[in-house]
2 protein chains.
Amino acid sequence: MNKANLEQSRKDTRERILDAAERMFMQNGYDGTSMRLVTGAAGVNLAAANYHLGSKEALMQEVLRRRLEVINQERLRVLDEAETKASGKPLKPSVIIDAFFGTLLRVAADQKAGGDTFLRLLGRTITDPSNFIRTFMSGEYADVLERYRQAMFRSLPDVPKAEIVWRFHFMLGAASYAIAGTGTLQLVADWQVDEGAVAQNKNLLPRLMSFLIGGLRAPLPQIDDGNKTVWQ
Amino acid sequence: MNKANLEQSRKDTRERILDAAERMFMQNGYDGTSMRLVTGAAGVNLAAANYHLGSKEALMQEVLRRRLEVINQERLRVLDEAETKASGKPLKPSVIIDAFFGTLLRVAADQKAGGDTFLRLLGRTITDPSNFIRTFMSGEYADVLERYRQAMFRSLPDVPKAEIVWRFHFMLGAASYAIAGTGTLQLVADWQVDEGAVAQNKNLLPRLMSFLIGGLRAPLPQIDDGNKTVWQ
DNA sequence: GCTTGATTCAAACGTGCGTTTGCTCCATGA
DNA sequence: TCATGGAGCAAACGCACGTTTGAATCAAGC
């Protein structure tokens, strides 16, 4: 075995662990997934997971990081591109929303394998209670969220910033639940029948986009502080 | 000790376990919560949980059931009342949405204690991967979902039913994430500062309602099957 | 040919888990 | 007065967990 093959072999084991972990975490959640389950699914020795990844927490972080890195860099790139094209003018809300949520679904659909699995893992992880996951995700998203927040503020100068933040939260929730693919309440009958249904489903993105933009542009509610501006 | 006091004592222990479990499950998730943690927080003996509730799974189900029962019965009552008042005519979408999500928040806000804790637990449980929770929740929601689905279909006769189901899913996601109170991405700075913030926050409901109705009434997306109807 | 260092592996470590076991306590009612 | 049975309790059960250990394996480099 030459050096390249050795390198390949090492990489294979590590990535097989990551791929299996992604699948198991998606299906069973973090606490519901054991190292034995992961290494069993990956077809490697139990100790290999700790050897290559360090710990269960580090394994989870790497599962999330390796894909979020690609997605969030692309999110920044697309936003940069849109702002360059707009040459200083504020972006339309729909452009920002598509750059954020559309990029997520497009990148996931592009991945050779695991894109769909990751989407559903992400949809569940976003509400995970465990502390180290919340901390890690905050860090991974910090830059992207700050840039998109500013873009939204510029895009909607007449809307109170608190209102924008709230609606961004609602959008995140709607998108997360949809890509999680199967919440507790299985309303869409053919969900989870096909493993690759979420990312492959080309109808999800336009459906989601319509809903999100509709929600974002809805008339502002009447709030205690007397703000009655209609958002249009 | 007379019969009434015995009864009271029995009830107290059982309910203290349920209250503590509700709090711990909300904070740590189902798998992340141990029976020792629950009974410790409740100030009762470890064996008391199995004695009064049977098992950890049964404990979780009872935590959810005792509040969902009240909420879902009220949801049915409010919908019945609205349909009676409409005397056969289809309801407005906003009325249906308020009957579903508004009732949830109002009932939770009414509860003397634990309403807010339960809301956040519910927001997280709705994406829980574990099988027995999904099965249980499906059963608990079956009647309510069927009634509301039919009401929505009648309310929007020109909109494809598949589209209505999708948008109901989006709404569920937006609401769940918002009431979970703290997702991984903490956009709203003052969230989770105050234990009673969600249910007490009178501004959440109007904000959520505006967003949901805006999303529900958004123009229909262009779908592969060529449907271009605008939903208005 | 032999050392080196990275990888694999079976086995074990200690710990925390859900649950069960007997025992004690004590109000109840015949 | 005393048997009855619900409730509380300390202790233990067997098991699965994350992690570590130390030996075995093997290509690479001198």
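Each chain gets a letter, A, B and so on, in the order the sequences are listed, and its residues count up from 1.
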Q) Looking only at side chains, do B/E146 and B/Q150 share a donor and an acceptor under 3.5 Å apart? A) yes
Look at all strands and tell whether B/T33 reaches a base, only sugar-phosphate, or nothing, counting heavy atoms closer than 4.0 Å.
-> sugar-phosphate
Testing C/dT19, D/dT19, C/dA10 for proximity to the side chain of B/S55, the answer is C/dT19
Of the listed C/dA6, C/dC9, D/dA10, the closest approach to the A/Y51 side chain comes from C/dA6
Separation of D/dA11 atom C1' from B/N45 atom CG, nearest Å, is 10 Å
Separation of C/dC13 atom C1' from A/M35 atom CE, nearest Å, is 16 Å
Has B/H52 got a side-chain N or O lying under 4.0 Å from the OP1 or OP2 atom of D/dG8?
-> yes
message = Between D/dG18 and A/R36, counting only base atoms on the nucleotide and side-chain atoms on the residue, is there a donor-acceptor pair under 3.5 Å?
response = yes
Side-chain contact check for A/A47: nearest option of D/dC9, C/dA11, C/dA10 is C/dA10
Give a yes/no on whether any side-chain N or O of B/N50 is located under 4.0 angstrom from OP1 or OP2 of C/dG18.
no
To the nearest angstrom, the CG-C1' distance between A/D12 and C/dT8 comes to 14 Å
From CG of A/N28 across to P of D/dA16 the rounded distance in Å is 16 Å
Practice problem: Report the C-alpha distance between A/E140 and A/L64 in whole Å, list the side-chain angles of each, state the deciding distance to 0.1 Å, and finish with yes or no for side-chain contact (heavy atoms from CB on, under 4.5 Å). | Solution: CA-CA 9 Å; A/E140 283 293 305; A/L64 297 172; over 6 Å; no
Note to self: Does a side-chain N or O of A/T13 approach OP1 or OP2 of C/dT8 to a distance below 4.0 Å, or not?
What the structure shows: yes
In whole angstroms, the gap separating P of C/dC13 from CG of A/L46 amounts to 15 Å
Here the distance between atom C1' of C/dT19 and atom CG of B/L37, to the nearest Å, is 17 Å
Exercise. So, is B/S34 near the phosphate of C/dG16, with a side-chain N or O under 4.0 Å from OP1 or OP2?
Worked result: no
Atom CG of A/L53 and atom C1' of D/dG18 are separated, to the nearest Å, by 14 Å
Quick one: do the B/N131 and B/R134 side chains pair a donor with an acceptor below 3.5 Å? no
From CZ of B/R14 across to P of D/dG8 the rounded distance in Å is 12 Å
Next item on the list: Would you tell me whether A/E57 and A/Q61 have side-chain atoms, one donor and one acceptor, within less than 3.5 Å of each other?
Entry: no
- prompt: For B/F168, is the NZ or CZ atom of B/R149 found under 6.0 angstrom from the centre of its six-membered ring and inside 45 degrees of the ring axis?
  reply: no
